[in-house]
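Not measured: the values here are computed from a predicted model.
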Amino acid sequence: RKKREILAGPVLPLFFLHPRQQRRTTPFNTNMQHDAPQGNATSPSKTRKVSHVSPVSRGMLVLGGKIKNFAGGSFRISCKAVGLVAAVNVAWYYYDRWSVNEFFGENFTPTTDEDGKVTRKPLKKVLLLPLDCLKVVEKRKTGNFDMSSLLQQRNKQPTIVLETKELVDIIQKAAADPNISALYADFGEGMRYPLEYAHIEEIRNALRIFNESHRVHRSPNIDHNPVFALPRNGNPKVSFAFGHSFGWREYFLASAFSNIHLQPRGHLALGGTTVSNIFLRDMLVKYGIKAHVFKHGDFKTAPNAFTERGYSRTHLENVQSTTASLNNTIRTCIQNSRALKFDDVMWKSIFDYGSLTASNAKEIGLVDSTPAIGPMSFMIEASKNAKAKSKMEDKFGVDMCPTNFNATETVSVVEYKQMLDKKTRLDRTQLTINNYMNRLSELSTATSLLLSGLGIRPSKSLPNQKIAVVSVDGNITSSLSFRIVQSLRQIRNDKEVKCLVLRVNSGGGSVVSSEAILEELNTLDVVCGLHCDLAQ
């Protein structure tokens, strides 16, 4: 009776029966006869026919079995695929962790002394900065960092694109890296992409930290103070700047390096900061055009390009005071970095003299040596072999290689940034895992004991506190103001933000748009307050 009810009822519910029950309910042979019980031998043999199964039901039963088998197989394949992907991710994670530890860990390299004895010394590296093809920008156009955008091909010579904060972070991380013992910058015939003065000053501050990495600094932007600079174990790291020629901007940056090398036939052009302006009034008059402008105050000189034939008194006073202030700041930085004692008369003589030859620059202490080619490869060989060191001294002089230079390998800035990014990504992954384990251990005591039994001891999670950075890059227009206001409103609603840094890299713009940003800033309530960082 049960068989008849099942066969006569819907077919789809058969999919959900136990396999044994399905086998009991699928006697498809309608001519099959079931013998009567043999308990009574005298009873006549009786037969019972099973109800007929229609072809449609039979097809649905077969299709249902195939679907179930396919679903079960797909589920097993999916589980295996998920397990395989998880295993690959775990293996890749541990491989990245191993490569990072191998790169930043302590390694050794064989060296040969004067007697030919081979010894093992800690492996030290030189970080290479190709400033002749390095393009430093305030903010990369694309939002996400892509290594293909880092290296841009141009006439077979690669152009490396880095943001200012990325380059500063690389130098500061190298200062704290015990495997990096030196920094080498190649200026070539000059920087292909000139840096702005504000960006140069930030890079100089990072270089000062690198040169004084044996000390602890309270802040990278304050002057050296013995109270905030405590001695640290180890020797100070060295930095080198090599160039065929140096201009005013290039030398302002190169002076922050501990050693400056200038090619013998190169020159040093220290003419100071210059400003040029174009006046279009005569051209406009020639074509019958008259410009109508509105300006407030005598020192609002931007419209003078359309209304004047040359510098007015206020315009000239403005330009001269600005350039003089900037030149005084730059030459003070150069004097402090190079330990020079030049007075105003000496600097005026340098400005008026024009280009200095390499020998003149070395004579007055602006450069340290004049090698014909970049000496870094010879210095590395000299660190490995005593015979190579004697050959180098014969070729370049005894003072070329400092006594505290012990690097035996070089690492490019691109490779170093890749490893820093990988290390940051792994640290974030580890932090996410620790937070997840902490949440699991807080569920119950049994879960905490189970994790402890497995050897998993999650570290204490840190409170989620953020420092928000808002960048005002470019001319302040209505569209830029709208995006900044939207970001500030998100920061205002985020209770985890404890501090806000406003990075301004702009030459000005709309007064109304700037007022909108200012009023939105006044509504913020952050614990550590608002800090404004002015760039170029």
Side-chain angles (χ1 to χ4, degrees), residues 129-136 167 183-208 210-211 223 238-277 316 318-375 399-400 536:
L129 294 179
L131 293 178
D132 56 339
C133 59
L134 183 63
K135 184 178 181 180
V136 181
L167 181 57
L183 188 65
Y184 182 81
D186 189 356
F187 286 81
E189 296 182 1
M191 293 185 293
R192 185 192 305 173
Y193 305 97
L195 296 175
E196 302 293 346
Y197 287 114
H199 295 164
I200 293 177
E201 188 174 5
E202 293 186 52
I203 300 173
R204 281 177 51 88
N205 290 332
L207 290 171
R208 184 179 63 85
F210 184 89
N211 295 332
D223 295 333
V238 292
S239 55
F240 304 89
F242 173 79
H244 300 167
S245 297
F246 291 104
W248 182 245
R249 290 176 185 264
E250 288 85 0
Y251 189 78
F252 178 37
L253 178 58
S255 62
F257 291 81
S258 56
N259 297 272
I260 302 179
H261 299 157
L262 179 61
Q263 197 181 47
R265 294 179 180 84
H267 63 274
L268 189 61
L270 302 182
T273 304
T274 59
V275 176
S276 60
N277 294 93
L316 184 61
N318 188 8
V319 172
Q320 288 179 342
S321 62
T322 302
T323 54
S325 175
L326 189 57
N327 285 329
N328 291 334
T329 301
I330 294 175
R331 75 181 192 182
T332 301
C333 293
I334 293 175
Q335 286 188 171
N336 295 335
S337 301
R338 299 290 301 170
L340 302 174
K341 297 181 179 179
F342 291 172
D343 54 6
D344 295 340
V345 177
M346 182 64 178
W347 278 111
K348 187 177 184 304
S349 301
I350 294 175
F351 288 162
D352 296 339
Y353 188 83
S355 297
L356 298 173
T357 62
S359 58
N360 295 143
K362 182 180 179 181
E363 182 181 357
I364 62 178
L366 294 176
V367 298
D368 297 296
S369 59
T370 57
I373 58 176
D399 299 333
M400 176 58 65
Q536 185 59 27

CD-CG distance between Glu201 and Leu195, expressed to the nearest 0.5 angstrom:
13.0 Å
Distance alone, cut at 3.5 Å: any donor-acceptor contact between the side chains of Ser337 and Arg208?
no
Any side-chain heavy atom of Asn211 sitting closer than 4.5 Å to one from Leu183?
no
Could you state the interatomic distance from CZ (Arg331) to CG (Leu340), rounded to the nearest 0.5 Å?
12.0 Å
Under a 4.0 Å threshold between the charged nitrogen and the carboxylate oxygen, would Asp352 count as salt-bridged to Lys348?
yes
Taking every heavy atom of Leu207 against every heavy atom of Ala256, the minimum-distance pair comes out as CD1-CB, 3.8 Å
Between the main-chain N or O of Tyr251 and the side-chain N or O of Ser255, is there a donor-acceptor pair closer than 3.5 Å?
yes
In terms of heavy-atom contacts, Phe246 and Ala254 come closest through CE2-CB, 3.8 Å
Examine distances only and state if a side-chain atom of Ser258 and a backbone atom of Ser239 form a donor-acceptor pair shorter than 3.5 Å.
yes
Could you tell me whether a side-chain N or O of Asn360 sits under 3.5 Å from a main-chain N or O of Leu268, the two making a donor and an acceptor?
no
What is the distance from atom CG of Leu134 to atom CD1 of Ile203, rounded to the nearest 0.5 Å?
7.5 Å
Any chance you could lay out the side chain to side chain contact (heavy atoms under 4.5 Å, CB included) test for Arg249 and Ile200, step after step, and finish with the verdict?
CA-CA 8 Å; Arg249 290 176 185 264; Ile200 293 177; 4.3 Å; yes
Spell out, as yes or no, whether a donor-acceptor pair under 3.5 Å connects the side chain of Asp368 to the backbone of Ile260.
yes
For the atom pair OG1 (Thr357) and CZ (Arg265), what is the distance rounded to the nearest 0.5 Å?
12.5 Å
Provide the closest heavy-atom pair for Arg192 versus Cys133 in the form atom of the first, atom of the second, distance.
NH2-CB, 4.0 Å
Nearest 0.5 angstrom please: Leu129 CG to Leu253 CG, how far?
9.0 Å
Plane angle bin for Tyr184 and Phe242 - parallel if under 30°, tilted between 30 and 60°, otherwise perpendicular
parallel
Pairwise distance NZ(Lys362) to NE2(His261) - rounded to 0.5 angstrom:
9.5 Å
With a 4.5 Å limit on heavy-atom distance, are the side chains of Ser245 and Glu189 in contact?
no
For His267 and Ser355, the nearest pair of non-hydrogen atoms, with its separation, is CD2-OG, 3.8 Å
Closest non-hydrogen atom pair, Pro264 against Pro371
CD-O, 3.2 Å
With respect to Asn327, which candidate in Thr332, Thr322, Thr273, Thr274 satisfies the side-chain hydrogen bond (donor to acceptor under 3.5 Å, both in side chains) definition?
Thr273
Taking it one step at a time, do Phe351 and Trp248 satisfy ring pair (Phe, Tyr, Trp, His ring centres under 6.0 Å)?
CA-CA 10 Å; Phe351 288 162; Trp248 182 245; 5.6 Å; yes
What closest approach, in Å, do Phe210 and Val238 show between heavy atoms, and which atom pair accounts for it?
CE2-O, 3.4 Å
Validation row: Ile334, Phe342 side chains within 4.5 angstrom (heavy atoms):
no
Is there a donor-acceptor contact under 3.5 Å linking the side chains of Thr329 and Tyr197?
no
